[in-house]
Amino acid sequence: MATEPYETHEYDVIVIGAGGAGLRAAIEASAKGVRTAVICKSLLGKAHTVMAEGGMAAAMGNVWPEDNWKVHFRDTMRGGKMLNNWRMAQIHAQESPDRVLELEEWGALFDRTKDGLILQRDFGGHRYARLAHVGDRTGLEMIRTLQQHAVHKGIDVYMECNVQRLLKDGDKIAGAFGYWRETGAFILFRAKAVVLATGGVGKSWKVTSNSWECTGDGITLATDAGAELIDMEMVQFHPTGMVWPPSVRGILVTEGVRGDGGTLKNSSGERFMFKYIPEFFKAETADNEKEADAWYEDKKNNRRTPDLLPRDEVARAINSEIKAGRGTPHGGVFLDIASRRPADYIQKRLPSMYHQFKELADVDITKEPMEIGPTCHYIMGGVRVDADTTATAVKGLFAAGEVAAGLHGANRLGGNSLSDLVVFGRRAGLHAAEYAQALPSQPVVDAGEVERVMHNLLKPFENTGGENPYAIHADLQETMQSLVGLIRVEPELKEALDKLAELRKRLDNVSVLGGRQYNPGWHMALDLHNMLTVSLACTVGAIARKESRGGHTRDDYPTTDPHFAKVNLVMRQENGEMRLREEPLPEMPDELKQLFEEGH
Amino acid sequence: MAAVAERPAGGPSASASAAGQTVTMRIWRGDAAGGAFQEYTVPLEEGMVVLDVVHRIQAMQANDLAVRWNCKAGKCGSCSAEINGKPRLMCMTRMNTFEPGKVITISPIRTFPLIKDLVTDVSFNFQKAKEVPAFKPKPLDPDGKRRMYQEDVDRVQEFHKCIECFLCQNVCHVIRDHEENKQSFAGPRLFVRLAALELHPLDTNDRRELLKYKAGLGFCNITKCCTEVCPEHIHITDNAIIPLKERVVTEFYDPLAWIARKLSGRDPRKGIVE
Ligand SMILES: Cc1cc2nc3c(=O)[nH]c(=O)nc-3n(C[C@H](O)[C@H](O)[C@H](O)COP(=O)(O)OP(=O)(O)OC[C@H]3O[C@@H](n4cnc5c(N)ncnc54)[C@H](O)[C@@H]3O)c2cc1C
Ligand code: SF4
Ligand code: SF4
Ligand code: FES
């Protein structure tokens with residue numbers, strides 16, 4: 001096959017992804033004085049971060065002076081069922097207040113307390129009202145602030161540019177190769193360091209809150225380049241996605257609805273969450289409606305409402321209610337704020353939820369309950385990184401944001417992602433810049449390798465009469481939804497492995513109609529490689545973790561297992577195969593361990 | 001008009017379709033070199049929005065149909081198009097707002113150069129954004145904190161709701177049919193951005209030069225077309241453009257007024273449309 005010419009750009013640091021994590025990384029790298037570029041597959045400002053609603057967790061103590069990083073750290077670890085990397089959880093809790101204030105310094109306007117400080121709201125699993133927010137469009141405020149700051153710093157942005165492969169010089173990163181969506185032309189980046197900030201994987205499931213971009217590209221780029229993955233079985237199903245009408249199924253309903261007073265009810269109007277309080281959270285959870293309702297106003301003398309248990313608990317409870325026949329007509333449960341808060345309060349606090357239900361479902365949430373059910377939302381697992389530097393196992397490759405793993409353990413608390421993005425985005429940018437500065441010369445890209453990659457990327461055009469990429473995608477979503485969903489069992493997981501292998505074969509024969517220019521069919525065919533890679537890793541992990549913990553629920557192993565409490569499942573590709581091994585969790589120092597013994 | 005062979009695809013099953021109804025859409029297919037409308041007929045399902053139908057066409061009949069989208073919930077501003085000639089977000093336009101059986105026409109937004117099908121080149125907006133002098137906050141309070149009151153941030157938060165769908169840019173007559181004006185006119189989206197900075201309680205930067213000359217505020221004759229299409233219901237003309245115009249008049253010629261406002265962090269002007 002003839003090769004075609006491609007453009008080449010040279011940088012010290014390239015950041016793949018322009019969500020919260022990528023933009024923050026680029027800002028930091030550029031501030032260190034290195035040549036920096038950001039690459040993203042959508043337009044600037046459209047990354048998934050823009051959709052984040054409820055807020056950004058940081059123990060600033062503006063609403064509850066009792067709050068501090070230790071409490072936030074403890075909440076994060078307990079929410080993650082102690083599978084978290086303790087050091088990441090510590091850094092995150094310590095640094096997130098500064099990162100919130102920094103956004104304010106760059107022009108963000110958070111909602112205010114009466115004395116003019118940043119207001120904080122309640123969210124599941126957080127002991128105190130802790131989420132800095134702007135109504136229910138916090139992600140928009142974050143991404144716009146970072147985007148504008150990055151633009152004013154003169155950072156180069158490559159929009160609608162899709163990275164397909166990382167390139168190495170020996171054991172070091174040397175750059176990345178991809179294509180422009182607009183023209184289909186190829187583009188090579190030569191770089192000393194690469195930061196992955198590509199976000200999540202939700203597009204492999206059928207009912208999902210995630211956008212088309214969430215195809216696990218960064219995770220795949222990393223493992224294809226030899227980096228390690230951990231906790232890939234840990235996928236979060238958010239308890240409250242829309243369920244009706246069918247075309248909106250999966251779209252997120254922010255946890256802020258419950259944070260602001262909404263409650264879950266089954267078809268007979270029962271507030272069922274009181275039946276599902278696990279032993280682990282009994283001491284700190286209200287066991288009656290009166291106490292639960294009083295908690296919103298007086299947190300000192302009341303325990304928190306079970307409506308705000310961590311997401312994994314709530315999602316399972318909803319699933320059980322539906323299975324027991326106590327669901328709504330459309331197969332969800334009710335989320336009711338209409339009967340509990342005044343209409344103007346709801347409109348002020350949850351404007352985009354109001355809008356979303358009104359326009360997409362003909363439901364007025366100030367008058368009627370919403371129908372909701374679990375939706376695939378977030379992956380806690382991902383690329384394994386060093387806690388302090390975000391470095392991966394490949395020299396010069398860093399990762400931050402949803403693509404990286406460790407901070408959230410087995411389950412992420414709401415609001416902890418937005419803070420994660422800026423805390424570790426900043427660190428990734430910093431350490432990538434330092435690494436690049438220390439590297440004596442620009443690594444060399446192997447032109448032969450580039451040619452091979454190019455050939456692979458064009459293969460779908462050569463397969464004539466092959467399969468429709470959208471059909472393969474639909475079957476993949478069906479497979480992951482029904483066999484590797486919220487509740488898992490071994491025979492189904494094994495069946496999923498077989499199906500994934502079949503899908504992989506079908507992908508080899510995928511064919512694309514039309515030309516190179518802005519061709520979503522081609523893009524889908526290429527994204528399928530990534531979706532299949534993360535789906536396989538998730539399934540392999542799910543088979544190996546023979547227990548239930550956080551986002552991973554095994555009906556055949558319904559309890560936690562002390563053995564698995566102490567290990568990460570680590571994956572690495574060897575000769576094209578996903579190899580899995582157990583590795584002990586990093587040991588928490590004694591002074592931090594004490595935080596869990598004092599029974600806070 | 002070419003007949004389009006159906007390719008098998010999965011996706012949402014057609015079984016729940018709204019009583020077996022179908023819909024026919026005319027979609028612009030083509031690129032800068034030329035093109036034509038093409039008709040597609042697909043099954044309908046309860047609750048569908050225009051973007052769902054476009055996706056179904058893409059999955060079943062036209063894999064290479066170019067369209068931008070991300071959130072499918074009116075939050076990202078990617079899916080702007082002209083639906084039966086009206087500029088709208090495809091993901092927030094319900095199918096049940098159209099008369100059953102009528103053909104629906106979807107074309108790309110007109111003000112920006114066509115790339116392919118429903119995708120246009122919106123780089124104009126990103127270029128103009130670069131020219132805006134950045135946010136520059138005043139010093140911290142003596143205790144190292146920043147205080148702003150909700151009543152002072154409310155009006156700026158309205159501007160921050162902008163999802164950059166560029167529908168307002170698309171309808172503004174100053175640039176819609178006047179390519180030559182793009183050089184010297186930033187457009188309503190950028191006026192919203194400028195107002196957000198100018199009315200920010202902490203900002204101290206000086207944008208008078210830009211406002212007066214480069215942004216072309218003077219071209220705007222307050223037709224309010226931009227306000228009418230804004231999916232975020234931002235009062236672009238009343239709350240952003242008019243205050244900026246007034247500012248140009250008072251402050252360009254009266255530097256003291258400018259300094260006084262920057263120092264107090266408050267705008268004496270009242271009468272905001274809620
Ligand atoms: C509806 C919704 C609401 C949420 N609400 C909250 C909340 O209130 N609080 C909270 O903390 N979290 C929330 N989350 C989670 C949070 O928004 C995400 O986890 C987070 O935004 C991910 O950010 P990121 O920077 O890692 O990646 P993203 O924002 O997903 O950005 C990924 C970037 O990578 C680019 N990219 C990906 N692949 C490639 C490639 N191959 N080549 C080039 N570029 C590529 C994309 O174009 C994009 O720019 C919510 C999530 C959803 C879906
Ligand atoms: S009000 Fe001004 S900016 Fe808005 S559409 Fe009319 S001329 Fe354009
Ligand atoms: S101001 Fe309104 S119409 Fe204009 S880009 Fe922003 S959201 Fe869209
Ligand atoms: S897809 Fe985001 S606004 Fe329509």
Side-chain angles (χ1 to χ4, degrees), chain A residues 42-48 50-51 101 104-107 109 111-112 115-117 134-135 137 139-141 144 148-149 151-152 157 159 182 211-213 244-248 251-252 352 355-356 359-361 468-471 473-475 477-478 512-515 517-522 524, chain B residues 7-12 16 31 45-49 52 58-60 62-78 92 94 115-117 119 121-123 126 129-130 132 134-135 137 145-150 153 156-157 160-164 193 196-197 200 202-203:
Chain A
S42 282
L43 296 174
L44 185 59
K46 310 296 183 197
H48 206 64
V50 79
M51 295 162 67
L101 292 172
E104 184 166 82
E105 224 39 41
W106 295 344
L109 281 172
D111 288 351
R112 317 306 297 179
D115 23 333
L117 301 176
V134 188
R137 51 162 195 85
L140 172 62
E141 191 73 10
R144 208 61 88 229
Q148 284 157 356
H149 195 72
V151 164
H152 292 309
V157 183
M159 298 185 217
E182 179 177 336
S211 84
W212 71 269
E213 293 199 286
W244 189 259
S247 63
V248 301
I251 294 181
L252 193 76
S352 75
H355 202 61
Q356 183 174 311
E359 298 199 10
L360 296 176
N468 176 351
Y470 291 90
H473 182 228
D475 290 349
Q477 289 189 313
E478 205 62 63
V512 168
L513 306 177
Q517 190 190 22
Y518 219 114
N519 184 342
W522 181 39
M524 169 65 85
Chain B
R7 294 187 96 197
D31 57 22
E45 204 176 290
E46 188 165 346
M48 270 186 156
V49 294
D52 291 319
Q58 190 185 48
M60 291 169 49
N63 291 178
D64 60 344
L65 168 58
V67 54
R68 283 197 184 105
W69 70 286
N70 277 60
C71 67
K72 215 171 106 55
K75 295 192 170 79
C76 73
S78 303
M92 295 305 278
R94 290 276 293 276
I115 292 176
K116 187 184 153 201
D117 304 339
V119 173
D121 175 0
V122 291
S123 55
F126 292 99
K130 277 190 195 165
V132 176
F135 175 68
K145 299 197 173 180
R146 289 208 179 276
R147 284 178 186 76
M148 287 182 270
Y149 296 92
Q150 191 62 45
V153 303
V156 186
Q157 284 184 333
H160 284 205
K161 287 194 308 190
C162 171
I163 56 175
E164 300 202 325
R193 165 97 179 107
L197 287 161
H200 194 299
L202 301 178
D203 180 67

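Every chain is numbered from 1 and lettered A, B, ... according to where its sequence line falls, protein lines coming before strand lines.
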Under 4.5 Å to a heavy atom of chain B? For Leu360(A) that would be both
When the 4.5 angstrom heavy-atom criterion is applied to Leu140(A) and chain B, the contacting part is side chain
Highest number of heavy-atom pairs under 4.5 Å with chain A among Ala196(B), Ser123(B), Ser78(B) belongs to Ser78(B)
Under 4.5 Å to a heavy atom of chain A? For Lys72(B) that would be both
So, the part of Glu141(A) with a heavy atom under 4.5 Å from chain B: the answer is side chain
Bottom line for Ala134(B): the part with an atom under 4.5 Å from chain A's heavy atoms is both
Per-residue tally against chain A (heavy atom, under 4.5 Å) across Gln58(B), Gln150(B), Lys145(B), Met148(B) peaks at Met148(B)
Taken to the nearest 0.5 Å, the spacing of Lys75(B) NZ from Met51(A) CE works out to 6.5 Å
CG (Asp117(B)) and CZ (Arg68(B)) are apart, to the nearest 0.5 Å, by 12.0 Å
Whatever's closer than 4.5 Å to a heavy atom in chain A on Lys130(B) counts as both
Show your reasoning for whether salt bridge (charged side-chain N to carboxylate O under 4.0 Å, His left out) applies to Glu104(A) and Arg112(A).
CA-CA 12 Å; Glu104(A) 184 166 82; Arg112(A) 317 306 297 179; 2.8 Å; yes
Ranked by heavy-atom pairs below 4.5 Å to chain B, first place among Ala361(A), Gly107(A), Gly514(A) goes to Gly107(A)
Greatest number of non-hydrogen atom pairs under 4.5 angstrom with chain A, of Lys116(B), His160(B), Met92(B), falls to His160(B)
One option among Asp115(A), Ile251(A), Val134(A), Leu101(A) has the most heavy-atom pairs under 4.5 Å with chain B, and it is Asp115(A)
Honestly, the part of Trp522(A) sitting under 4.5 Å from a heavy atom of chain B is neither
Applying a strict 4.5 Å limit to non-hydrogen atoms, the region of Asn70(B) in contact with chain A is both
Applying a strict 4.5 Å limit to non-hydrogen atoms, the region of Arg146(B) in contact with chain A is both
Taken to the nearest 0.5 Å, the spacing of Phe135(B) CZ from Arg193(B) CZ works out to 10.0 Å
Honestly, the part of Met524(A) sitting under 4.5 Å from a heavy atom of chain B is neither
For this session: Applying salt bridge (charged side-chain N to carboxylate O under 4.0 Å, His left out), run through Glu213(A) and Lys46(A) and close with a yes or a no.
Result: CA-CA 10 Å; Glu213(A) 293 199 286; Lys46(A) 310 296 183 197; over 6 Å; no
To the nearest 0.5 Å, atom CZ of Arg94(B) lies from atom CE of Met48(B) at 12.0 Å
When rounded to the nearest 0.5 Å, the distance separating CG of Leu117(A) from CG of Asp111(A) is 13.0 Å
Looking only at Gly74(B), Ala129(B), Gly77(B), the option with the highest number of non-hydrogen pairs under 4.5 Å against chain A is Gly77(B)
Taken to the nearest 0.5 Å, the spacing of Gln517(A) CD from Asp64(B) CG works out to 10.0 Å
Side chain of Arg144(A), backbone of Cys162(B): donor and acceptor closer than 3.5 Å?
yes
Smallest heavy-atom separation, Cys71(B) atom then Cys76(B) atom, equals SG-N, 3.3 Å
- prompt: Do the ring planes of His149(A) and Trp106(A) sit parallel (below 30°), tilted (30 to 60°) or perpendicular (above 60°)?
  reply: parallel
If you tally heavy-atom pairs under 4.5 Å between each of Val49(B), Val67(B), Ile163(B) and chain A, the highest tally belongs to Ile163(B)
Interface check, chain A: of Asp31(B), Leu65(B), Ile115(B), Asp121(B), most non-hydrogen pairs under 4.5 Å belong to Ile115(B)
Start with the C-alpha distance between Lys161(B) and Arg137(A), add both sets of side-chain angles, then the distance that settles side chain to side chain contact (heavy atoms under 4.5 Å, CB included), and finish with yes or no. CA-CA 8 Å; Lys161(B) 287 194 308 190; Arg137(A) 51 162 195 85; 3.4 Å; yes
Applying a strict 4.5 Å limit to non-hydrogen atoms, the region of Leu44(A) in contact with chain B is both
